[in-house]
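Here's the structure, in structure tokens; my notes come after.
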Amino acid sequence: VSHNALGEFEQMVLLAIVRLRGDVYGVPITEEIEQRTGRPVSPAAVYVTLRRLENKGFVSSWLSDPLPERGGKPRRCVKMEESGLRMLRESRQMMDSLWAGLDPASRDLR
Amino acid sequence: MSTGARPPRSARALIERALPAELRDTVCADLDEMFQRRAARDGLGRARIWYTKQALAFAARFAWERVRGRERRRDSERAFQSNDSRIRVSLLDWKLGFRMLVKYPGLSLIAGLALATGIALGTGWFHFTMMELRPNLGLDEGDRIVRIDNWDRDAQNVESRSLHDFLAWRNQLTSIRELGASRGVLRNIVGTDGRAVPELISEISASAFPLTRVPPLLGRYLTEADEQPGGPDVVVLSHGVWQNRFAGDPGILGRVVQIGRTPATVVGVMPEGFGFPRIHRAWVPLRIAAAPEPRKGPPVLVFGRLADGLSMKTAQAELRTIGERMATTNPSTHALLQPQLYKFAAPRQESASGLVSLLIVNLIGVLILTALCANVTSLMLARTAMRESEVVVRTALGASRGRIIGQMMVEALVLALFSAVLGLTALSWMMDYGFSVSDRPAFWRQNYDLKPTTVAYAVGLAVLGAALVSILPALKATGSRVQDGLRNASAGNTSMRFGALWSGIIIFQVAVTVIALPVGVNFTIDAIREYGARSAFPTEEYLTFEAGFDADVLGEQATEDEVRGRAAAVFDQLEARLESEPGVLGVTYADGLPGMYHPPTMMEVQRGSEAPWSIAGIGGSSTGAGGPAPDGSVLTAYVDVEYFDALQVPVIAGRGFHNGDVGGENPPVIVNEALAEKLGGSPLGVRVRVPAIENEPAGPWHEIIGVVRNIGMDPTDEGEADFVFEPVGFEELMEPVVAVHVSGEPAALAAKVESIVAEIDPAFRVHEITMLDELLRKQDAGDVLAMLTATGANVLCILLSAASLFAVMAVGVARRGREIGIRLALGASKQGVLSALFGRAAKQLAAGVILGNVVFAALLVYYDSVNAQNLISLVGVSVLMGLVGLLACAVPARRALRIHPTQALRQ
């Protein structure tokens, strides 16, 4: 496992970005994860994770034009980078290989 | 979708404080958006509670993030530091460097000697090439003073008889001013004490003095008026002659002094050190006959100064044009002559090739240093291995890699700088010795003292050497296996590994020692044997000097025979006067005295009416000043009839020479014992001659009339060199050397000789008055230096080999101390432990000895020198290297066997 291996929540954030496409920023990402997982998500966790992912080079961000409905404040939009996608795929493969041959309903998992 | 609701102000403030500045606006706006949605969906109260919870979450999360970030930064800084390639040095490192010198005295001594040798050789090379290629005249704008050489393309030589051309150049050249010529002659100057001492005098153009821009100390220097033929004879003296020969007489100006046969008026004295154009001691005007013929007359040196603002290139172009014009007008003499311009003291190959050769020559010096550094590196590696725990602990305490590398480099630099001082001292001593005993002509003011550039070059070599010997050990010590090192260090062991490179260095070193040692040892033994043999002859009882006239001393019309006849007449008087002096046992002359150079010649022998045969293969190899005489050659000496009497060499068969033997077509000869033995039977009546060689016809036959005892001054491997002595008159010798056998104090006679000469004929030149032992010491200085160098190189080779082997063993013991202890505890035999431990060193030693033997044997076969002595040397050296290896093992072996099992287990 490389030093930059993704944590579970990081995977969620990245997957949310992939799913959302278009203008992606903190609010829809938070809502997307909440809707998909059915669990309440702390926005602070999302923003901390986005920042960390950006530091690792998996996502990049930019500021949108100022928006009147936000009191003239812009959104910090994010987009997935190639390295993020690659890490996402690796994480998936890693999990698949760990799951390979195991029955989720099996007694072994209990 | 704004509801107009606002989040709690304090919560908002908390979030704003928690967020980093770059996120503050956008995240707050996002949270506002979510707050509005929640307020619309869940009501304002729940939304406010949600917002407050988010504020706390943000505060906690980002505070934690800040702490983590700070730690990460510190970690990365630490990581950066530990891989910091920037080398840092502190004052403490220099102190540590000095401490290391003292702490490892053996290594300091051996590595220091090796580095000193490399630095001395490299610097010596640099010094001499700089002296030769970039001589400094020490004159105002001295680099604009030039010399014109007339290059003969046919003879591939410089045509020095250039008086004719000099006049043409002086009339036509505009790009070179103050053009002058000089001709060096040896003339006796009779001083206040009445002694006639030969001095190097320059017949020189008056323009030479303004050219040098050195004003006279007293009076004036020569002027153009002095150059006029028929003018009064004047002389300008050097400071040395004025002080030493005329006791610094303040009234010297206007005084008439005897220069050879010419009385000349002193018109000036030049300041101390002045010797233009070379090392001349007095100056008289160069008077040129109206129209000298091309390529006739005496050899002269032509010089001048580049006109202001003009370059060498311009002057060379003008000179070439004049040369071409002269080739057209004088095709018979000048068609193949090419005048060339050089900086005054520069060698002929100056210009581009000079710089290239400078670089190449110095590269050799650097390569030698590098080879020696490779050996020293192996020792430094060992020292570093022994200090591994120190390096590991320092790294663990936060020292960066660059810091440790810097420390090790400074330690090596301290060693290298000490070595540089040692090397420069040795170099200076060798130069002093070499030049004190050599008569090498030099340019005035050109001395061989070490200059700042030379010292700077030595320091540069020291820095290079320090870098070479320290970088590899430093990189190895600070490599990636710090954890291993820490673990091993705690057990008192070392984890550093020595790869193939180190093994290669040691094998190479042992092999070189095996090859070089017999050569060096033979050389030294020969030299010692030679000095031992020579000590039998009382050289300290003989005063010697060269004697004769300059060819032109009797005027230009006199023939050479007339000059030599006159010299013989003067010598007869001198001989008579000397023999009447108290303590003088005999006076004689020869072309060379015992121990001096004698030309080897091939010899053909005829006994009675037998067919002539060549005495090939009996010459042996002389190690004397003449160098090895080729096989089949005999050394010949042309001697006075009283030669053997004066040298007290007994005639053991036949008779000695008498006056009637001199001057005939084929005078009789005397041979020494060595040659007599090789001729077999009685040599008396046997005839010898120089055989026909290529186009040269055979020489006349000479009958052997006597045999003299070996003098013992020209030893060879087989005893004494073979000699044939032929009697000659004084007038027959080009440069006769006179020997005066004196009982008592010969030095006192030296001054007397000069006084007698001044009385008989002040123009008769007695030169190089010195004792024979002193003369031979000077002559053999090169051999002595070579012997010292060879012996030193041998000792260094052995020391380096022994030190490297010792290092292998010592590191082996240090690295495997725990293992040795456990093996001993488990009952392993001491022999078993030692063989396991020293196996590697033994293999390296064996590989080196075998390689050295193979190469040496191949060389012996190639040079057809397989003989018992060489084979014994080879076996002896191999055994010696084995003993050196054993000695090198002794201390580490003792250390290994003293490791107590319980102590090892506790580790």
Side-chain angles (χ1 to χ4, degrees), chain A residues 2-5 7-10 12-13 16-17 20 22-35 37-79, chain B residues 1-7 9 11-12 14-42 46-73 75-76 79:
Chain A
S2 76
H3 180 67
N4 285 331
E8 185 197 21
F9 195 71
E10 285 174 329
M12 288 182 188
V13 171
I17 296 169
L20 286 167
D23 279 348
V24 185
Y25 64 108
V27 178
I29 292 169
T30 312
E31 288 173 346
E32 177 72 15
I33 297 171
E34 278 183 339
Q35 280 171 19
T37 60
R39 289 193 308 201
V41 171
S42 162
V46 172
Y47 288 112
V48 165
T49 304
L50 279 173
R51 195 158 179 249
R52 203 179 298 153
L53 290 169
E54 189 168 16
N55 285 341
K56 290 178 180 176
F58 297 153
V59 298
S60 57
S61 72
W62 73 98
L63 294 178
S64 70
D65 292 333
L67 297 165
E69 66 270 28
R70 287 164 64 95
K73 289 174 180 166
R75 286 174 182 152
R76 179 170 289 276
C77 299
V78 292
K79 97 175 169 182
Chain B
M1 196 175 62
S2 174
T3 59
R6 296 198 176 278
R9 201 177 292 170
R12 174 66 180 257
L14 184 61
I15 288 175
E16 281 181 352
R17 275 187 76 86
L19 284 169
E22 72 272 21
L23 291 180
R24 196 168 294 144
D25 280 352
T26 52
V27 172
C28 282
D30 283 2
L31 282 174
D32 281 349
E33 197 179 323
M34 283 188 260
F35 174 75
Q36 296 297 335
R37 285 184 192 174
R38 285 192 177 263
R41 192 181 68 198
D42 302 326
R46 298 183 79 157
R48 290 173 71 94
I49 292 169
W50 175 85
Y51 194 91
T52 305
K53 279 166 68 180
Q54 296 312 314
L56 292 172
F58 268 93
R61 290 234 177 218
F62 276 97
W64 176 238
E65 200 64 12
R66 262 203 298 276
V67 172
R68 279 186 61 183
R70 214 173 288 151
E71 275 184 359
R72 266 200 302 271
R73 265 199 305 280
D75 282 352
S76 67

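Owing to the predicted nature of the structure, the values given are computational and were not obtained by experimental measurement. Every chain is numbered from 1 and lettered A, B, ... according to where its sequence line falls, protein lines coming before strand lines.
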Interatomic spacing from CD in B/Glu33 to CD in A/Glu31 - rounded to 0.5 Å: 7.5 Å
A/Arg51 with B/Glu22: basic N within carboxylate O range, under 4.0 Å: yes
pair A/Tyr47-B/Asp30: side-chain heavy atoms closer than 4.5 Å: yes
Which portion of A/Leu63 sits near chain B, non-hydrogen atoms under 4.5 angstrom: side chain
B/Ala29 versus A/Arg70, closest heavy-atom pair with distance: CB-NH2, 3.0 Å
Exercise: identify the closest heavy-atom pair between B/Ala57 and A/Ser42: CB-OG, 4.0 Å
Nearest heavy atoms of A/Pro43 and B/Phe58, plus distance in Å: C-CZ, 3.8 Å
Donor-acceptor under 3.5 Å (A/Arg76 side chain, B/Asp25 main chain): no
Exceeds 12 heavy-atom contacts within 6.0 angstrom, atom CZ of B/Arg9: no
Option that, when pairs with chain A are counted at under 4.5 Å, heavy atom only, ranks first among B/Cys28, B/Ala60, B/Pro20: B/Pro20
